[in-house]
Amino acid sequence: MAANTLSFDVGDYVVYPKHGVGRVIELQNEEIAGMQLELYVLRFEKERMTLRVPMNKAEGVGMRKLSSDKTLKEALETLKDKPKVKRSMWSRRAQEYEAKINSGDLVSIAEVTRDLFRADDQPEQSYSERQIFEAASSRLARELAAMEETDEPTALEKILEILNIAAPQYYEDKEA
């Protein structure tokens, strides 16, 4: 078996694709079904959830360190781009959005956030659109907060500020 290329220490922030940003709170050795397993114990504060991930499976499930500054910058720039709204059925788009969120890729999450953002003067979102937007923006804000050593509400405010500045230039065209 290949050597484990990912290595996390207690206190490190990590991204687990299906759950977002968590923190390594413990490294454990447990015997399960007669096998010795080395586990990362992750704590996700927002969900009040603890997850145990076998060290040899961490890479396979897509667990990773926080994004690089370059990736964060790219994600924030993505928020400023023109939203790409496909004209396909909502159920198909919703599946694509969920897949992007659960990929754990910061730029993909930023794309979902941008595409589902609605400024105050725009038409109301459906309940499911709002749910997916909130999931994406929250996931983006948690990683931004961990990277900038701030809290999620402050990070979310920064994201919404970028979106509110960028949005008018794309929606003025439609009203004219």
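- The shortest non-hydrogen separation linking Val61 to Pro17 is O-CG, 3.4 Å.
- For the atom pair CD1 (Ile165) and CG (Leu160), the distance works out to 11.0 Å, reported to the nearest 0.5 Å.
- Within the 4.5 Å cutoff, side-chain heavy atoms of Arg93 are placed close to those of Val85.
- In this structure the side chain of Lys46 reaches within 4.5 angstrom of the side chain of Glu152, judged on heavy atoms.
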Practice item. List the steps and the verdict of side-chain contact (heavy atoms from CB on, under 4.5 Å) for Ser138 and Leu156. Key: CA-CA 7 Å; Ser138 172; Leu156 186 57; over 6 Å; no

Check your understanding: Checking side-chain contact (heavy atoms from CB on, under 4.5 Å) for the pair Gln131/Glu134: CA distance, chi angles, key distance, verdict?
Key -> CA-CA 5 Å; Gln131 292 294 103; Glu134 287 173 4; 4.0 Å; yes

Practice item. Show your working on side-chain contact (heavy atoms from CB on, under 4.5 Å) between Leu39 and Val53 and close with a plain yes or no. Key: CA-CA 5 Å; Leu39 303 168; Val53 180; over 6 Å; no

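- Gln125 places a side-chain N or O within donor-acceptor distance of the main-chain N or O of Leu116, the cut-off being under 3.5 Å.
- Using modelled atom types, one side-chain atom of Lys65 and one backbone atom of Ser7 make a donor-acceptor pair closer than 3.5 Å.
- Side-chain atoms of Lys158 and Leu144, non-hydrogen and from C-beta on, do get closer than 4.5 Å to each other.
- Both Leu66 and Ile159 sit in one connected hydrophobic cluster of ILVMFWY residues. Membership requires side-chain heavy atoms under 4.5 Å apart, directly or through other members.
- No side-chain heavy atom of Val14 sits under 4.5 Å from any side-chain heavy atom of Val21.
- No salt bridge links Glu59 with Arg64; every basic N to acidic carboxylate O contact stays at or beyond 4.0 Å.
- Salt-bridge check for Arg23 with Glu45: failed, with every basic side-chain N at 4.0 Å or more from each acidic carboxylate O.
- Scanning both residues, Leu140 and Ala75, for their nearest heavy atoms gives CD1-CB, 4.5 Å.
- Atoms CZ and CE, on Arg92 and Met89 in that order, are 7.0 Å from each other to the nearest 0.5 Å.
- Counting heavy atoms from C-beta on, the side chains of Leu72 and Leu106 come closer than 4.5 Å.
- Taking both residues in full, the closest heavy atoms of Tyr40 and Phe8 are given as OH-N, 3.2 Å, listed atom of the first, atom of the second, then distance.
- Between the side chain of Glu143 and the main chain of Ser67, a donor-acceptor pair closer than 3.5 Å is present.
- A distance of 13.0 Å separates OH in Tyr13 from CE in Met147, rounded to the nearest 0.5 Å.
- Atom CD of Gln36 is surrounded by more than 12 heavy atoms from other residues, nucleotides or ligands within 6.0 Å.
- The local environment of CD in Glu157 is sparse, with at most 12 non-hydrogen atoms from other residues, nucleotides or ligands closer than 6.0 Å.
- Side-chain contact, Asp81 with Thr78: no donor N or O sits under 3.5 Å from an acceptor N or O.
- Under a 3.5 Å cut-off, the side chain of Asp12 and the backbone N or O of Asp9 do form a donor-acceptor pair.
- Nearest heavy-atom pair across Leu27 and Val24 is CD2-CG1, 4.0 Å.
- With rounding to the nearest 0.5 Å, the separation of CD in Glu98 from OG in Ser128 is 9.5 Å.
- Using a cut-off of 4.0 Å between Lys/Arg side-chain N and Asp/Glu carboxylate O, Arg142 and Glu47 are scored as salt-bridged.
- Distance alone, capped at 3.5 Å, places no donor-acceptor pair between the Thr154 side chain and the Thr150 backbone.
- Aromatic ring pairs are classed by plane angle as parallel below 30°, tilted from 30° to 60° and perpendicular above 60°; the pair Tyr16 and Phe44 is perpendicular.
- A salt bridge links Glu77 with Lys80: at least one charged nitrogen is closer than 4.0 Å to a carboxylate oxygen.
- Panel note: side chain Glu148, backbone Ala145; no donor-acceptor pair is recorded below 3.5 Å.
- Note on Ile109: it clusters hydrophobically with Leu76, by side-chain heavy-atom contacts below 4.5 Å among ILVMFWY residues.
- We find that Glu111 and Lys84 are not joined by a salt bridge, their nearest charged nitrogen and carboxylate oxygen being 4.0 Å or further apart.
- Under the 4.0 Å criterion applied to side-chain N and carboxylate O atoms, Arg118 and Glu124 are not assigned as salt-bridge partners.
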Check your understanding: After noting the C-alpha distance and the side-chain angles of Met49 and His19, does the key distance pass the side-chain contact (heavy atoms from CB on, under 4.5 Å) rule?
Key -> CA-CA 9 Å; Met49 177 179 80; His19 302 294; 3.4 Å; yes

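- Here the closest heavy-atom approach between residue Ile132 and residue Trp90 is recorded as CD1-CZ2, 3.8 Å.
- Rounded to the nearest 0.5 Å, atoms CZ (Arg43) and CG (Leu51) are 11.0 Å apart.
- To the nearest 0.5 Å, the span separating CZ on Arg114 from CG on Leu163 amounts to 9.5 Å.
- Summarising the geometry of Leu79 relative to Ala166, their closest heavy-atom pair is O-CB, 4.1 Å, with the distance given to 0.1 Å.
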